[in-house]
Amino acid sequence: MSSAADGRHEPLAPPRANAYRDTWATGAIEQPVGKEIAVSGWAHRRRDHGGLVFIDLRDRSGVLQIVFHPEHAAEAHEQAGSLRAEDVVSVRGKLVRRSDETINPNLPTGHLELQANELTILARSETPPFQVDDDGHVDESLRLKHRYLDLRRGTIAPIIALRHRVIQKMREVLNERDFLEVETPNLTRPTPEGARDYLVPSRVRPGNWYALPQSPQLYKQLLMMGGIERYYQIARCFRDEDLRADRQPEFTQLDIEMSFVEGEDVIEVTEAVLSAVLAEGGIHVETPFQRMCYAEAMGRFGSDSPDLRYGLEIVNLDKVFAGSEFKVFASVLSGGGTVRAINAGARELSRADLDELTEFVRGHGAGGLVWAFVEEDGGWRSPIAKFLSDQERADAVAATGAQTGDLLLAVADTDVHTAATALGALRRNLADRFELVQPGDHRLVWVVDFPMLEWNEGEKRWDPLHHPFTAPRGDLSDPATLMSDAYDIVMDGWEIGGGSLRINDPVVQHKILEVIGIDAAEAQERFGFLLEALKYGAPPHGGLALGLDRLVALIAGADSIRDAIAFPKSATGADPLTGAPAGVDERQIRDLHLVSTAPPPVAADASAAGPDSEAPDASDLGASGADPKV
RNA sequence: GGGGGCGUAGCUCAGUUGGUUAGAGUGCCGGCCUGUCAAGCCGGAGGUCGCGGGUUCGAGUCCCGUCGCUCCCGCCA
């Protein structure tokens with residue numbers, strides 16, 4: 001299999017001529033034929049004809065073929081015969097034009113080659129654990145363990161370069177608009193996003209803890225109170241929650257905050273940043289972006305981050321079945337619940353497929369799934385057909401726009417939110433199953449008009465949908481009806497950013513904290529510094545944060561943000577390369593005034609670590625040297 | 001915390017109903033080879049079937065446990 005590295009051509013300014021090189025591999029294109037040049041890089045592939053030896057030399061810019069003639073440079077040819085994959089070399093020679101019949105159209109440098117005079121082997125490579133010159137699938141934990149090799153391949157390197165360009169474009173757009181890039185601390189007080197904090201014990205203040213920031217939220221508000229007015233930061237954020245394909249324990253946001261702004265100002269800046277960034281990735285979008293209120297997103301798409309690249313919209317059938325004698329529907333509707341359906345279209349699904357979908361929606365909290373194939377005479381092939389009247393079936397068909405042969409999938413649930421989100425998940429499942437997304441299609445949408453609070457049944461309290469510093473709209477004495485000045489930006493079903501206007505009135509801030517169950521004493525204890533700052537003339541302000549990892553992954557077409565991060569964690573939060581997290585020396589724990597209640601760390605599986613594992617050895621692992629293996 | 005999938009040669013994978021000596025491609029090693037570019041031809045080495053236990057005359061295959069990877073729910077913007 002070939003490698004994207006073969007076709008790579010990153011245009012780079014010529015390097016300063018030194019002992020190693022004076023030209024990038026693909027920089028040879030700009031050099032005159034006949035010139036003596038020097039290049040350095042890795043032996044990407046070799047083709048040894050016994051007489052002639054060809055080496056594809058790879059550096060960051062791409063690939064250049066080197067040819068070693070035994071009669072032109074006997075010594076270099078001799079050495080070249082010993083080269084193996086990933087050996088590091090420097091080659092000096094004459095740049096020549098290939099004869100017409102030996103041109104390789106698959107290489108940007110395919111019309112050229114370097115006729116070697118002199119070869120220096122700078123470093124030898126053992127046989128790599130996987131092929132660097134091949135972009136085929138390799139187990140991800142092996143790739144992560146040898147990420148430095150993975151980064152050389154044609155799969156990850158271009159995404160890392162894209163990430164750089166995205167960040168530079170962000171800076172460019174914001175710098176032009178007079179934003180200041182300001183850094184905020186990573187050793188902080190716990191912030192209120194609601195995720196679990198990563199905690200760092202203080203050595204010099206026994207019993208006290210820093211929290212790594214879940215976001216720079218409070219600091220950026222303090223910057224507004226500090227008169228910075230326009231702030232941004234490429235900020236690392238930390239949340240100690242379980243991972244997903246789009247979630248890492250540490251991730252990066254473009255964090256933005258502005259003073260004396262309305263929501264429209266924040267939206268306008270964000271659209272300017274995003275459209276410039278997407279254009280950098282070859283995706284051209286029109287501004288202003290579409291907007292949709294939260295209630296509509298939940299109703300039509302069953303999600304607060306709707307994927308608009310395909311239909312399968314959710315249809316409310318409450319009216320259709322309002323007087324139904326079908327007991328399931330009747331009891332759900334009389335209990336304040338809802339009956340909703342998706343018209344999946346004309347699909348060939350077996351009974352086993354339908355059972356699988358039923359289990360799927362159950363996994364998302366729904367009690368079950370009603371399926372029905374619409375037949376020619378208006379009848380339904382469905383387990384519940386006999387319980388429904390002709391009129392109900394006809395009305396449901398009309399409401400869903402169903403044609404003969406279409407499959408209707410319905411969920412009935414007393415909890416409206418559960419019915420909506422289960423169908424939202426089903427909608428994504430169907431889109432994957434039937435491959436409804438057109439490659440290259442991208443849809444951006446603002447989701448706006450969020451409720452300020454949502455009732456947490458488990459804890460019997462109101463929780464903020466965003467965070468407690470979001471500016472509320474409406475009657476503060478009626479939490480259920482409060483809306484917030486918040487806005488999420490959604491791309492292809494991924495929430496890539498969110499923000500809001502903030503509270504700048506201490507009275508309102510106190511009130512909101514009180515509503516969500518934080519009394520004055522606790523508010524003072526946790527956020528006293530912010531409440532204090534609000535007393536001294538806080539400007540109206542607002543902002544937003546964009547998830548950089550997700551954005552880069554989306555532009556690159558990657559399935560996971562791990563592909564957009566140079567050194568990501570595995571799905572269990574481990575780093576197979578360094579072996580983190582690991583036990584520490586007992587003395588370090590003592591210095592931090594800590595005692596561990598955890599059992600001695602269990603050694604990693606020997607086959608996963610590998611006999612030649614370069615992970616830290618046992619002496620670095622167990623806190624008490626009790627580590628039984630490795 | 002829970003559910004699904006995966007784990008067989010360095011890598012990517014196949015392996016039938018539990019039955020002889022576990023295969024393929026690629027890589028690796030050796031030889032030949034002066035215009036290849038996924039070089040070619042010939043030969044060769046390479047396996048704790050993740051790990052532990054069990055059932056069985058017999059386990060890569062069945063059962064239990066465990067570790068790792070991955071997707072999802074919970075959790076988390």
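Because the structure is predicted, anything quoted here is derived from the model rather than measured. Every chain is numbered from 1, with letters handed out A, B, ... down the list of sequences.
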* Asked: Quick one: Lys569(A) NZ to U70(B) P, roughly how many Å, whole number?
  ->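 After rounding, the reported distance stands at 13 Å.
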* Structure fact -> From CD of Glu250(A) across to C1' of C76(B) the rounded distance in Å is 16 Å
With heavy atoms under 4.0 Å as the rule, sort [X] into base, sugar-phosphate or nothing.
X: Gly363(A); result: sugar-phosphate
X: Ser305(A); result: nothing
X: Arg98(A); result: base
X: Thr127(A); result: sugar-phosphate
X: Arg562(A); result: sugar-phosphate
X: Glu356(A); result: nothing
X: His364(A); result: sugar-phosphate
X: Glu101(A); result: nothing
X: Asp6(A); result: nothing

* Cationic N near anionic O, under 4.0 Å, Lys569(A) to Asp575(A) -> no
* Asked: Is Glu86(A) paired with Arg58(A) through a side-chain N to carboxylate O contact shorter than 4.0 Å?
  -> yes
* State which residues pass salt bridge (charged side-chain N to carboxylate O under 4.0 Å, His left out) with Arg362(A); sequence neighbours excluded, sorted by chain then number. =>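 Arg362(A): salt bridge (charged side-chain N to carboxylate O under 4.0 Å, His left out) contacts with Glu359(A).
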* Could you tell me which residues satisfy salt bridge (charged side-chain N to carboxylate O under 4.0 Å, His left out) with Asp463(A), sequence neighbours excluded, listed by chain and number? =>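 Asp463(A) satisfies salt bridge (charged side-chain N to carboxylate O under 4.0 Å, His left out) with Arg461(A) once adjacent residues are dropped.
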Considering only the [atom1] atoms, how many Å lie between [N] and [M], rounded to the nearest integer?
N: G47(B); M: U8(B); atom1: P; result: 15 Å
N: G60(B); M: A14(B); atom1: C1'; result: 12 Å
N: C37(B); M: U21(B); atom1: P; result: 42 Å

* Any salt bridge (charged side-chain N to carboxylate O under 4.0 Å, His left out) involving residues 75-85 of chain A? Give me the pairs, sequence neighbours left out, ordered by first then second residue. =>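 Sorted pair list comes back empty.
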Please tabulate, one pair per line, each protein N/O and nucleotide N/O from nucleotides 11-14 of chain B that are separated by under 3.5 Å, including the distance.
| unit_1 | atom_1 | unit_2 | atom_2 | d |
| --- | --- | --- | --- | --- |
| U12(B) | OP1 | Asp139(A) | N | 2.4 |
| U12(B) | O3' | His137(A) | ND1 | 3.4 |
| C13(B) | OP1 | His137(A) | ND1 | 3.3 |

* Could you tell me which residues satisfy side chain to side chain donor-acceptor pair (under 3.5 Å) with Arg247(A), sequence neighbours excluded, listed by chain and number? => none
Atom pairs under 3.5 Å: protein N/O with N/O of nucleotides 39-42 of chain B:
| unit_1 | atom_1 | unit_2 | atom_2 | d |
| --- | --- | --- | --- | --- |
| A39(B) | OP2 | Arg45(A) | NE | 3.2 |
| A39(B) | OP2 | Arg47(A) | NH1 | 3.3 |
| A39(B) | N6 | Asp48(A) | O | 2.9 |

* To do: Please identify each residue that fulfils ring-ring contact (aromatic ring centres under 6.0 Å, His included) with Trp462(A), with sequence neighbours left out.
  => Trp455(A)
* Can you sort out the partners of Val138(A) under side-chain contact (heavy atoms from CB on, under 4.5 Å), two or more places apart, ordered by chain and number? => Phe130(A), Leu142(A), Arg143(A), Arg153(A)
Would you tabulate the side-chain donor-acceptor contacts of residues 543-561 of chain A under 3.5 Å, counting partners in other chains and residues two or more places apart, or write 'none'?
| unit_1 | atom_1 | unit_2 | atom_2 | d |
| --- | --- | --- | --- | --- |
| Asp549(A) | OD1 | Arg163(A) | NH1 | 2.8 |
| Asp549(A) | OD1 | Arg163(A) | NH2 | 3.2 |
| Asp549(A) | OD2 | Thr252(A) | N | 2.8 |
| Arg550(A) | NE | Asp246(A) | O | 3.0 |
| Arg550(A) | NH1 | Glu495(A) | O | 2.8 |
| Arg550(A) | NH2 | Asp246(A) | O | 3.2 |
| Ser560(A) | OG | Ala245(A) | O | 3.3 |
| Ser560(A) | OG | Arg562(A) | N | 2.9 |

